[in-house]
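Have a look at the structure below, then the notes.
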Amino acid sequence: MHTQYESRDDLNDSKVLGLINGNIYVSFKPLKRVKALAIAYGKVIAIGDNDYVRRIIHGLGGEVIDVGGRTVIPGFIDAHLHLDGVALALKSLDLRGTRSINELKSKLKDFVDRNPDLEVIYGRGWDQELFIEGRWPTRYDIDDVVDDKPVILIRVCGHAALLNTKAMEDLDLIRSKSKDVIRDEKGIPTGIVKESIIDMISSYVKGKLVREYDRYIHDAINYLISQGITSIGYVSADIKTVNTLLRLTREGKALLRIHAYLDLSDFEKFLSFMGSPIYSDYISVVGVKVFLDGSLGARTALLTKPYNDDPQNSGQELVSVNDLTKLMDKAFSNGFQVAAHAIGDKAIDNAIVAYGKVRSSIKRSNIHFRIEHASVIRPDQIRKLRELDVAVTIQPRFVISDWWVVRRVGTERVKWVYPFKIMKNEGITIGLSTDAPVEPSNPWETVYAAVTRGSLDGIELSKYTAYEALSISEALHLYTYGSARVLNVKDLGKLLPSYRADFIVLSNDPLVTKPKELRRIKVLEVWIGGLRVK
Ligand code: ZN
């Protein structure tokens with residue numbers, strides 16, 4: 001019926017379009033379902049029954065498509081993912097679920113043998129908690145496999161990495177004095193690096209991909225679209241990737257709606273030559289992303305009280321309240337949003353204090369401040385965020401990946417971990433996301449995790465907090481309209497008249513699918529702005 005479109009020039013004749021005989025969810029809250037909808041110039045112009053929509057489309061001289069009873073929902077909006085990270089991950093070694101250092105070595109060997117042309121070996125997803133050896137891996141482990149080209153293996157959380165000796169030398173880390181270069185008892189770097197070094201690594205890897213980079217990003221965009229994602233919040237964007245996106249958009253190749261939040265160092269640069277955000281149908285630069293703390297996995301998330309399984313350690317403060325206040329002031333006064341990564345409750349305290357200082361000086365019609373993750377959040381903080389109208393992006397699949405979290409925080413704080421339902425009931429603006437490539441970008445994995453909360457996967461957290469599971473319609477509402485609110489976009493996330501016609505056609509109706517079957521739902525077609533892109 002429709003073929004894959006190559007560029008937007010091919011699409012001019014499908015400007016007016018009617019879908020009839022559908023099971024079309026135009027909104028999940030309030031839940032509203034129709035049989036037909038009419039689209040003109042990229043937007044929904046009418047919804048209703050078949051005859052009504054057929055009449056409108058015939059009047060406008062458009063095309064009517066019979067959906068054959070299939071389910072149509074608004075496209076997924078992933079409010080927080082790392083587009084460049086997804087691009088690299090698509091061409092990298094996947095180490096998720098690796099159960100030993102030996103298994104890691106054999107996966108590395110296999111990958112290197114299959115990809116002899118790669119100049120740098122990049123992988124991610126390992127978790128030392130799963131290793132039967134019961135220790136962190138070292139550079140000597142992987143030097144055994146590859147010693148002639150750099151190997152960089154990012155931990156599952158994205159806040160620590162394992163490098164071989166060649167990569168340590170290339171990056172000049174052997175002699176580095178940084179506290180983020182981990183050393184053994186003799187003071188010799190082990191090959192594990194953390195936090196501040198990770199940013200350096202990603203620009204190092206991208207620097208090695210000069211010629212291929214546009215294709216990497218284009219492939220990542222198509223990969224996300226194929227999974228039913230029609231808009232993203234692209235966090236920690238760098239100017240190199242933004243330039244690539246602008247180039248792809250000009251060529252008609254970037255049909256995903258991308259809302260970029262610049263990383264801190266590139267924000268200063270962007271501000272000095274642009275001065276304000278940029279907005280367009282496909283690529284917008286809307287904010288700045290800042291890391292207030294690290295991760296629970298690496299025990300660098302900033303907690304008020306020490307870790308249950310590391311009583312001397314309360315995590316790392318990466319930005320002071322003072323510096324955050326200054327950044328907010330600068331961003332808000334130039335019209336940018338601030339997205340602050342805050343996982344531990346102390347990091348959230350810092351965010352609240354800083355925002356409290358600058359908030360009175362800004363207009364409040366939009367979301368200005370969003371907190372990313374809010375993994376360990378106290379009830380008093382939830383109320384405060386509601387009062388201050390701060391948005392939160394959550395990643396329900398962390399519930400399954402962070403299977404060890406009860407050990408980290410202890411049973412007294414367990415009720416503060418991923419309190420999705422309580423935050424929703426409190427009325428906080430919530431967007432759903434995957435943090436891909438930290439979690440798989442497939443939206444059904446996230447819906448499944450939000451709805452089951454790990455109860456089908458034997459996750460300890462679910463025994464304490466089963467009541468925090470979302471219903472399917474709640475998850476879908478937050479993954480569409482909720483995420484659009486977080487991104488400050490008023491015409492995405494529903495299929496009501498005047499909203500943009502971003503929708504997906506599904507193999508099954510998720511609202512009548514058993515939770516354990518959710519991950520089997522297939523995305524058959526993807527439409528963005530009334531144009532078919534899958
Ligand atoms: Zn992230």
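When reading the values below, keep in mind they use all heavy atoms of this one structure, side chains included, and skip hydrogens, waters and symmetry mates.
The side-chain hydrogen bond (donor to acceptor under 3.5 Å, both in side chains) test with Tyr261 singles out one residue from Lys289, Arg370, Glu372, and that residue is Arg370.
A donor atom on one side chain and an acceptor atom on the other are not found under 3.5 Å apart for Tyr448 and Arg397. Checked by atom type, the side-chain pair Ser433/Gln395 shows a donor-acceptor distance below 3.5 Å. Of the N and O atoms on the side chains of Asp293 and Gln316, not one donor lies less than 3.5 Å from an acceptor on the other residue.
In summary, Arg378 and Asp380 engage in a salt bridge, as defined by a charged side-chain N under 4.0 Å from a carboxylate O. By the 4.0 Å N-to-carboxylate-O rule, Lys107 lies close enough to Glu103 to be salt-bridged with it. Salt bridge Asp94/Arg96: present, at least one basic N to carboxylate O contact under 4.0 Å. Ion pairing of Arg155 with Glu129 is absent here, as no side-chain N (NZ or NE/NH1/NH2) approaches a carboxylate O to less than 4.0 Å. Using a 4.0 Å cut-off between a side-chain N of Lys or Arg and a carboxylate O of Asp or Glu, Glu268 and Lys330 qualify as a salt bridge.
Taking the six-membered ring where the residue is Trp, the centroids of Phe336 and Phe267 are separated by under 6.0 Å. Under the 6.0 Å cut-off for aromatic ring centres, Phe398 and His373 qualify, their centroids lying closer than that. Residues His80 and His341 place their aromatic rings such that the two centres sit no closer than 6.0 Å.
Counting only distance, with no hydrogens or angles, the side chain of Lys149 and the backbone of Leu118 share a donor-acceptor pair below 3.5 Å.
The salt bridge (Lys or Arg N to Asp or Glu O under 4.0 Å) check on Lys109 picks up Asp113, with sequence neighbours excluded.
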